[in-house]
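FYI, side chains are in, hydrogens and waters are out, and symmetry mates aren't considered; it's all heavy atoms of this structure. In what follows, chains are A, B, ... by sequence order, proteins preceding strands, each numbered from 1. Note that the coordinates shown come from a computational prediction; the quantities given were computed from them, not determined experimentally.
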Protein chains: 2
Amino acid sequence: MSQSKHQLTPTEWEIMEAVWRLLETEPSGEISVRDVVDRGVFEPAKAYTTVQTLMNTLQRKGVLKRRKVGLVNFYRPVFERREMVDRATSSLLDRLFEGSGLKLVNFMMDNSKLSGDEIEALQEMINRHREEEE
Amino acid sequence: MSQSKHQLTPTEWEIMEAVWRLLETEPSGEISVRDVVDRGVFEPAKAYTTVQTLMNTLQRKGVLKRRKVGLVNFYRPVFERREMVDRATSSLLDRLFEGSGLKLVNFMMDNSKLSGDEIEALQEMINRHREEEE
DNA sequence: TCATTGCTACTACAATCGTAGTAGGTCTAC
DNA sequence: GTAGACCTACTACGATTGTAGTAGCAATGA
């Protein structure tokens, strides 16, 4: 079936979001299943072994790297969140907007995904972007 | 598992894209499996029964409506493409950008999903949008 | 009339997803 | 030194996904 490479399912995203978030305050850059279970927020809660299975799947998919310290497995993300978001966004872009970011923005404007305030902020972004380009 | 409501898998999207496209030149607003198989473009090609199964799944999910004429089933989309794109986009927005369209646009600008030309076009869009608001 | 064509309904089946239980091995605190 | 606590590896299992085959029936054309 799919499994192509680093495409995540919604539940795997949930786990990864927790991993990235928790690692912000984790100087070692590594994290255990226990950390994710205890400090991640899941609604509804997930069993320890469920999280364990998911993290091992993520390891198999090459999204987490696993390292055994003593008896305990520690995991570290292979990619930054930004990279994964990029892939997911590109995938949506390719599938639904013929790869055109402009079409996506256009769609959002036409479908109220951007409020008036946000469009003002967007204008600011464009201005800043132009300055950076010079 | 998921099946929540009208969330499509990549392959189901492929079918629906073909259905919407073919219906543009189909005054009846209905289409058969045969139409999709013969006139849809799939890479690699899909067996007749594969398309049949997928279209029945889409019917079960409430995305296509089925009507038997004589012996043959005809299908019609329940939603316009725009509606489904809206759902998929909102889903990505919620999962990865905290529901903020602005964050998504920001991300795209920072990650070269928008070329310089496209940003100009975006500026045009904003201007037009402002005029419409007045 | 009867073989071919074409369609539907049903079935199959491996892979994946989401969730979790169980067995068995260390560590630790009494 | 032994009973919990805690962790890992393995297994399970129903649902879904993606792909397709088969049986059977209707229309059709020779």
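- Rounded to an integer number of Å, the gap from B/Q59 CD to C/dC10 C1' is 15 Å.
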Polar-atom pairs under 3.5 Å, protein N or O versus N or O of nucleotides 21-25 of chain D: list them with distances, or write none.
residue: D/dG21; atom: N7; partner: B/T49; partner atom: OG1; Å: 3.1

Table please: side-chain donor-acceptor pairs of residues 70-79 of chain A below 3.5 Å, with sequence neighbours left out.
residue: A/Y75; atom: OH; partner: A/N56; partner atom: OD1; Å: 2.7
residue: A/R76; atom: NH2; partner: A/E30; partner atom: OE2; Å: 3.4

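- Remark: B/T9, B/P10, B/T11 in residues 8-17 of chain B come within less than 4.0 Å of DNA chain D through at least one heavy atom.
- In this structure, the side chain to side chain contact (heavy atoms under 4.5 Å, CB included) partners of A/E124, at least two apart in sequence or on a different chain, are A/N127, A/R128.
- B/N56 places its CG atom 10 Å from the P atom of C/dC10, with the value rounded to the nearest Å.
- A search for side chain to side chain contact (heavy atoms under 4.5 Å, CB included) contacts involving A/T11 returns A/T9, A/E14, A/K46, A/L54, not counting sequence neighbours.
- Side-chain atoms of B/S91 never come within 3.5 Å of backbone atoms of B/R87 as a donor-acceptor pair (strictly under, hydrogens ignored).
- Remark: side-chain polar atoms of B/E118 are paired, donor with acceptor, to backbone N or O of B/S115 under 3.5 angstrom.
- A distance-only check finds no donor-acceptor pair linking the side chain of B/K113 to the backbone of A/S90 [under 3.5 Å].
- Qualifying side chain to side chain contact (heavy atoms under 4.5 Å, CB included) partners for B/E132, counting only residues two or more places apart in sequence or in other chains: none.
- Between A/G40 and A/L22, the closest heavy-atom pair is N-CD1, 4.2 Å.
- Partners of B/R34 by side chain to side chain contact (heavy atoms under 4.5 Å, CB included), not counting sequence neighbours, listed by chain and number: B/S32, B/V37, B/D38, B/Y48.
- Residues from residues 34-46 of chain B that place a heavy atom under 4.0 Å from any atom of DNA chain D, listed by number: B/K46.
- For A/R66, the salt bridge (Lys or Arg N to Asp or Glu O under 4.0 Å) criterion is met by no residue, not counting sequence neighbours.
- DNA chain C is contacted by no residue of residues 90-98 of chain B, taking any non-hydrogen atom closer than 4.0 Å.
- The closest side-chain heavy-atom distance from A/I15 to A/L8 is not below 4.5 Å.
- Within the structure, side-chain hydrogen bond (donor to acceptor under 3.5 Å, both in side chains) contacts touching residues 92-102 of chain A (residues at least two apart or in different chains) are A/E98-A/K103.
- Residue pairs meeting the ring pair (Phe, Tyr, Trp, His ring centres under 6.0 Å) criterion with at least one member in residues 107-130 of chain B, sequence neighbours excluded, are B/F97-B/F107.
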